[in-house]
Amino acid sequence: MKFKLPVTRARLRLVCVAGSALVIVAGCGGGSDPAALTVAAKTSAEMCAAMPGLNIPASEIGLPTSGASIASATLIAATAKDNTSGEYCKVLGKIQPVDSSAPDIRFEVDLPSTWNGKSVHFGGGGLDGTIPATTGYASSSLTYTEVNGTKTPLARGYVTLGSDSGHQGNASEGTFLQNDEAMANYAGEHVKKTHDVAQFLAKNRYGAPFSHSYYIGGSGGGRQGLVAAQRYPADYDGVIATYPASELLGLSFQMGRVSQASLAPGGFISTAKASVLKAAVMAQCDGLDGVKDGVISNPAQCHFDPATLRCPGGVDTGDTCLSDAQLNTVNTIATPLVTNFDFANGIHTIPAYNILAGTDFWNPYITPLGTSAQNAIVDPATATAGQGSFFYAFPNGLASFAIARNPALDLMTFNFSNPGALTDRTKMVSNLMDATSTDMTAFKNRGGKLILQHGQSDQFIPAQMSIDYYNRLLASYGQDALSSFLKFYLVPGGSHGFGGQFEGAYDALTVLDNWVTKGVTPSNLVITDMNSPTAGRTRPLCEYPQWPKYIAGDANVASSFSCSN
C-alpha cells in the first residue's frame, strides 16, 4: 500500500496508530496540527480482513526464496477468551523455498491494533519445528513466566513474530536436515526471512516500517538471537540471548558423549542415586557464599569430589552410592569435550556442566538423560510421555542427518572427539550453524545492544559456554567498548527455563528497550525467584564476573546481598 501526500518529507514524521483506525498525519504528537491530513481511515477489522491472500514478492525478502503468502488473518478481540494482549490481527503464512523439495518456513505475525512502532522477534528452541507462542512472553528471563504485572510484548503494543525455522513436525527427528535449504533455514536464514516478511506486513498494515526491532530467545532461540546480531545487524536494534546454544554442534557432541557414558553398561544414574549426589554437593558448597539458602552463588568455589560416593569395590550396591560406571557418567558430565579438530571460529573445547556445583540433571520437570536407559533411546517420533532423552535425540539428529546423512549411524560408536572421515563435513555444518563469531562491529556501530544471560545450574547448555563467548568478545573489544553494547549476567542456581535452585525473572524487555531508545544503561537490576516454594525471594542481578555474596539481613531479599568479585 502506497500513499502520495501533498506534504514535504520534512513534515511527515510518523505513522500514528490509535484505537482501530489507521491515520497518517503530518506531525504526530501532542496538540493539534492544522496541516494534519487523514490519508486512510480503515478499521483494524478491515485491515486484517484484507491480509488473506496477500503475496509477498521474493524481492521483499533479503535472502533467496520464492516469496511468501498469507494463509489466514484473524482479528482477535481484546475481550476474546484467554486474550490478555488487547486487540490484534493474527497472521499466519508461509515462506516458500527456492528448492521445491524443501519445506516452507511457517510463521506467525501478530499486528496489534494499537502499535508502539516496534517489534519483538521470538526465538524457538531445540531443532524447532513449531512456531513459538508469539502472544506470550519471549525468553527474556530464565523462566517461562514473568513477575506479576509484567505484560506480554504484544500487550505492550509490539508487533510479535516467529517461525518454525523452516520445517514442521517432531523436531527431534532431524530428518529435515537432509535438505540443504532446510538446514540453512534452520541454521539461521529463517531469522532474516521471517523478519523481512514481518517488516513488509507492518508497512502494509501501518504504512511504516519498524522503528526498533528486537530479537529475544532462549536456548536454540538464544543462539538465533546471536545469529541476528552477528549476521543481520542492520535488522535488529537489540537482542536478549538467554542461555544460548551458541556452540550448537559442539554442544550436541558433548551431549552425545554424555549419552555414551550414561547408556554404557551400568552407567545410568537413577533419580534416587542422583538425590544422594545433589545432597552431598549442597552440604559441602551451599554455605560458601555466606548463607545456606539452597543456592550455590559462586560455583567456582565448589570443589566436590564424587569419588567420596563410590560404592564399595565400585560395584552398584544400591541407591546410597555410585558405581564406577556411574562415576564415569558424572565425570564425563563434569569435564569438557576436547576435539582434534576445530569447530567454527577455532573452538575445540566444549565446556563441562556444573554437575559438581549444583546443576540438577534429575529435577522433577525434565530429565535430560531420560527416565531409564531403555527409555533414553526410544525414537522421539513414537515416544510416549516420559520416554526419550534429549541428550540422545539431539546429537543423533544432527550427527545422523546434518553430518553423516545416514539414518543408520550408531550414536553409541560415533567418535565425538575425532569424527574421522566426517571431520570436514562436521566443520562445514559447524560453520553454518554455530553463533560464535566475535565480529559484532556492525551491530555495535549502529547502536545495537545485547543482553547475554545464563543460569549457573543449566542442565542443557553449560553456563561456561556463555562465559567463554563473553571472554572471546572481551579479548576482541576490550572492557569499555564491550560494555557499551553488551551486558552479561550469570544467575546462580538458574536452570534451563524451569526448576533449578533459583528460577529467575525480571522485565528484561523494558531494560533492553530503555537502553536502546533512551540510552539508559542497565544497572542495579534485581531478579525474582518464581520457583515454588521459594517464589518471591530476590537477588541482585550481578554483571559478570561478579556474583551475589550474602552480607547480612533477610536471605530472601536482594538488599542483603552485594555483587562481589
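Residues: numbered from 1 along the sequence shown.
Note: Y215 and H121 have tilted aromatic rings, judged against thresholds of 30 and 60 degrees for the angle between ring planes. Relative orientation of the H454 and Y243 rings is perpendicular, given thresholds of 30° and 60° on the angle between their planes. By the 30° and 60° cut-offs, the orientation of the rings of Y506 relative to Y489 is perpendicular. Relative ring orientation between Y544 and F488 is described as tilted, the plane-to-plane angle lying within the 30° to 60° band. Relative ring orientation between F414 and F253 is described as perpendicular, the plane-to-plane angle rising above 60° on a 0-90° scale split at 30° and 60°.
Pairs passing the side-chain hydrogen bond (donor to acceptor under 3.5 Å, both in side chains) check and including a residue from residues 308-318, sequence neighbours excluded, read K273-D316, R310-D324, D316-Q326. The side-chain hydrogen bond (donor to acceptor under 3.5 Å, both in side chains) pairs that include a residue from residues 295-305 are D289-S297, where partners are two or more places apart or lie in different chains. Residue pairs meeting the side-chain hydrogen bond (donor to acceptor under 3.5 Å, both in side chains) criterion with at least one partner in residues 256-265, sequence neighbours excluded, are Q254-R257, R257-T335.
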Apply ring pair (Phe, Tyr, Trp, His ring centres under 6.0 Å) to residues Y353 and F460 and explain how you reach the verdict. CA-CA 8 Å; Y353 294 87; F460 283 91; 8.6 Å; no
List the steps and the verdict of ring pair (Phe, Tyr, Trp, His ring centres under 6.0 Å) for Y144 and Y137. CA-CA 7 Å; Y144 297 123; Y137 297 103; over 10 Å; no
Go through it in stages, so that I can follow the logic: the residues are T349 and L337, the test is side chain to side chain contact (heavy atoms under 4.5 Å, CB included), and I'd like the CA-CA distance, side-chain angles, deciding distance and then a yes or no. CA-CA 6 Å; T349 301; L337 165 68; over 6 Å; no
Please report the C-alpha distance between F268 and Y392 in whole Å, then the side-chain angles of each, then the deciding distance to 0.1 Å, and finally whether the ring pair (Phe, Tyr, Trp, His ring centres under 6.0 Å) criterion is met. CA-CA 13 Å; F268 190 84; Y392 182 91; over 10 Å; no
Could you walk me through whether E247 and R472 satisfy the salt bridge (charged side-chain N to carboxylate O under 4.0 Å, His left out) test, starting with their C-alpha distance in whole Å, then the side-chain angles of each, then the deciding distance to 0.1 Å, before giving a yes or no? CA-CA 13 Å; E247 300 169 22; R472 290 195 294 271; 3.5 Å; yes
Check against side chain to side chain contact (heavy atoms under 4.5 Å, CB included), S163 and I105: CA-CA 7 Å; S163 80; I105 300 172; 3.7 Å; yes
Test side-chain hydrogen bond (donor to acceptor under 3.5 Å, both in side chains) on D128 and S165 and set out the steps. CA-CA 6 Å; D128 294 312; S165 85; 3.3 Å; yes
Are T134 and D110 close enough, and set up right, to give a side-chain hydrogen bond (donor to acceptor under 3.5 Å, both in side chains), and what steps lead you there? CA-CA 7 Å; T134 54; D110 299 319; 2.6 Å; yes
Evaluate salt bridge (charged side-chain N to carboxylate O under 4.0 Å, His left out) for D235 paired with K192, printing each intermediate quantity in order. CA-CA 8 Å; D235 293 333; K192 170 66 173 171; 2.9 Å; yes
T143/E503 under side-chain hydrogen bond (donor to acceptor under 3.5 Å, both in side chains): CA gap, chis, key distance, verdict: CA-CA 6 Å; T143 178; E503 190 175 317; 2.6 Å; yes
Please walk me through it: do S101 and N179 pass side-chain hydrogen bond (donor to acceptor under 3.5 Å, both in side chains)? CA-CA 8 Å; S101 66; N179 180 279; 3.3 Å; yes
Side chain to side chain contact (heavy atoms under 4.5 Å, CB included) between L251 and M465: does it pass, once the steps are laid out? CA-CA 9 Å; L251 174 67; M465 188 168 288; 4.1 Å; yes
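Contact detail for I240 and Q453: the closest heavy-atom pair is CG2-NE2, 3.5 Å. The nearest pair of heavy atoms linking L226 to S246 is CD1-CB, 3.8 Å. The shortest non-hydrogen separation linking S119 to S213 is OG-OG, 3.1 Å. Closest of all the heavy-atom pairs between N431 and A344 is OD1-CB, 3.3 Å.
Checked by atom type, the side-chain pair T534/D529 shows a donor-acceptor distance below 3.5 Å.
Distance check: L249 CG to L398 CG gives 6.0 Å after rounding to the nearest 0.5 Å. Remark: S66 OG to K94 NZ distance equals 11.5 Å, nearest 0.5 Å.
Partners of D507 under the salt bridge (Lys or Arg N to Asp or Glu O under 4.0 Å) rule, at least two apart in sequence or in another chain, are R156. Under the salt bridge (Lys or Arg N to Asp or Glu O under 4.0 Å) criterion, R425 pairs with no residue, sequence neighbours left out. Every residue two or more places apart in sequence or in another chain was checked for a salt bridge (Lys or Arg N to Asp or Glu O under 4.0 Å) with D286, and none qualifies.
In summary, R405 and D180 engage in a salt bridge, as defined by a charged side-chain N under 4.0 Å from a carboxylate O. Ion pairing of D293 with R539 is present here, as a side-chain N (NZ or NE/NH1/NH2) and a carboxylate O approach within less than 4.0 Å.
With Q178 contributing its side chain and T175 its backbone, the two residues share a donor-acceptor pair below 3.5 Å. Side-chain atoms of W547 do not come within 3.5 Å of backbone N or O of L490 as any donor-acceptor pair. A donor-acceptor pair under 3.5 Å is absent between the side-chain atoms of D458 and the main chain of A463, judged by distance alone. Y469 places a side-chain N or O within donor-acceptor distance of the main-chain N or O of S437, the cut-off being under 3.5 Å. In this structure a side-chain-to-backbone donor-acceptor pair under 3.5 Å is present from Q224 to G124. When atom types are taken as modelled, the side chain of N531 and the backbone of G500 share a donor-acceptor pair closer than 3.5 angstrom. Side-chain N or O atoms of T194 include one that pairs as donor or acceptor with a backbone N or O of H190 at under 3.5 Å. In terms of modelled atom types and a separation under 3.5 Å, the side chain of T423 and the main chain of G420 share a donor-acceptor contact. In terms of modelled atom types and a separation under 3.5 Å, the side chain of R223 and the main chain of M433 share a donor-acceptor contact. Under the 3.5 Å distance criterion, the side-chain polar atoms of T242 are left unmatched by any main-chain donor or acceptor of L142.
In this structure, V91 and S72 have side chains that are not in contact, with every pair of non-hydrogen atoms separated by 4.5 Å or more. Between D468 and P351, the closest side-chain pair of non-hydrogen atoms falls below 4.5 Å. Side-chain contact between I95 and I61: present, with at least one pair of heavy atoms (C-beta onward) separated by less than 4.5 Å. Looking at heavy atoms from C-beta onward, I333 lies in side-chain contact with L369 at the 4.5 angstrom threshold.
Checking F107, Y236, Y232 one by one against H195, the ring pair (Phe, Tyr, Trp, His ring centres under 6.0 Å) holds for a single residue, Y236. Considering T426, N340, T339 in turn, N340 is the only one that fulfils the side chain to side chain donor-acceptor pair (under 3.5 Å) rule with N418.
Counting heavy-atom neighbours within 6.0 Å of K487 NZ, excluding the residue itself, gives a total above 12.
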